[in-house]
Number of protein chains: 2
Amino acid sequence: MRIGELAQRAGTTTRALRYYEQLGLLPARRAGNGYRAYGEDDLRLLRQIRTLQDFGFGLEETRPFVECLQAGHPEGDSCPASLEVYRRKLAELDECIARLQDVRAQVAGQFDRAVRARDELAAGASAQPPQCELATEWAKE
Amino acid sequence: MRIGELAQRAGTTTRALRYYEQLGLLPARRAGNGYRAYGEDDLRLLRQIRTLQDFGFGLEETRPFVECLQAGHPEGDSCPASLEVYRRKLAELDECIARLQDVRAQVAGQFDRAVRARDELAAGASAQPPQCELATEWAKE
DNA sequence: GTAGACCTTGACGCCGACGTCAACGCCAGC
DNA sequence: GCTGGCGTTGACGTCGGCGTCAAGGTCTAC
């Protein structure tokens, strides 16, 4: 299989494959004419890479999984190093989610405060509109 | 106030301030010798920028807030354009958090599956250890 | 033989928010 | 006058994961 076919079957591009090879992540045999030659195993590796990438893993973080498959193990995560990456990544995800939730709460607080301040100004001009915006008001204007 | 002092008081660097000026975000008056000259108002603007940056806002997203302050409004979020940015950002945050939570669940699933597969292999060699790992096992090894 | 569809390497571009360095100007204190 | 610590502009580097040329080689079909 040549690079174009592999790229297409994996839903990626030839440029990405060349990049992976440059990183030593997905080495390729060479045909007599210098063309890269891939096998079905490489498709497997590539799918593993793409899956992890969709999870937000960096390419270097996929390396243990790829090496695990290359070593002949049944799954990319059959090796301790891969499990370690899972653990690290889960911790990162938890931290990231917690941070984002905290930020969300703060931004929502600022937003509500700003809206209330605006409505109080408006209340001075007209009569008193009932102030029942306890939570975030959505898609106004 | 010269650039170094402002940077120090705002907890940032001179390079960042020059960058903001380049973007037209934080323009500076010039002293006779060509030095940038800032006032207390600029410190206010700068703090607004930094606060929003800490929330994960891009510099362009801070612009409405800065312009709002520059226009003489009491707060950076006293203007409709700023509220609009808040709304967009809240939506982005919600989407991002949901995506991360989904990813977290998938990674945790993969991790648990891989761990069970490993333990099943180990169970063949020794006796049957009680398999009670319903949830994620943490910090093993 | 020639068009065109594939392949090769190499190199620069991109995004954001600066870091870092170079080479120079300005000013205060000694 | 000279040193040291500010300031100035300009330009290139960083990080990741490629996109996008450019200039050529290779193979197939007509």
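Chain letters run A, B, ... following the sequence lines, proteins first and then strands; every chain starts at 1. None of the values given here were measured: they were computed from a predicted structure.
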Test salt bridge (Lys or Arg N to Asp or Glu O under 4.0 Å) applied to R30(A) and E21(A), step by step
CA-CA 12 Å; R30(A) 293 302 179 122; E21(A) 185 181 35; 3.5 Å; yes
ring-ring contact (aromatic ring centres under 6.0 Å, His included), that's the test. Do F65(B) and Y86(B) meet it? Break it down for me.
CA-CA 10 Å; F65(B) 296 81; Y86(B) 274 153; 5.1 Å; yes
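Side chain of N33(B), nearest nucleotide from dC6(C), dT8(C), dC26(C): dC26(C).
A straight line from CD of Q22(B) to P of dG16(C) spans 13 Å, rounded to a whole angstrom. With rounding to whole Å, L23(B) atom CG is found 13 Å from dC15(C) atom P. Rounding to whole angstrom units, CD of residue E5(A) and P of dC6(C) are separated by 11 Å. We find that CG of L25(B) is positioned 14 Å from C1' of dC18(C), with the value rounded to whole Å.
The residues E40(A) and R9(A) are annotated as salt-bridged, a charged nitrogen and a carboxylate oxygen being separated by less than 4.0 angstrom.
Boundaries of the chain A contact region on DNA chain D are dG17(D) to dC27(D), first to last in 5' to 3' order (nucleotide atom under 4.0 Å from a heavy atom).
Under 4.0 angstrom from either OP1 or OP2 of dT9(C) there lies at least one side-chain N or O belonging to R36(A). When the side-chain nitrogen and oxygen atoms of R2(A) are compared with OP1 and OP2 of dC6(C), none of them lie within a distance under 4.0 Å.
Q8(B) CD: 12 or fewer foreign heavy atoms inside a 6.0 Å radius.
Where the helix from dG1(C)-dC30(D) to dC30(C)-dG1(D) starts and where it ends, the local axes point in directions that differ by 40°; five pairs per end, rounded to 10°.
For E60(A) and R18(B), each mapped to the nucleotide of DNA chain D holding its nearest heavy atom, the one lying further toward the 5' end belongs to R18(B).
No hydrogens or angles were tested; on distance alone, a donor-acceptor pair under 3.5 Å links the side chain of R15(B) to the base of dT20(C).
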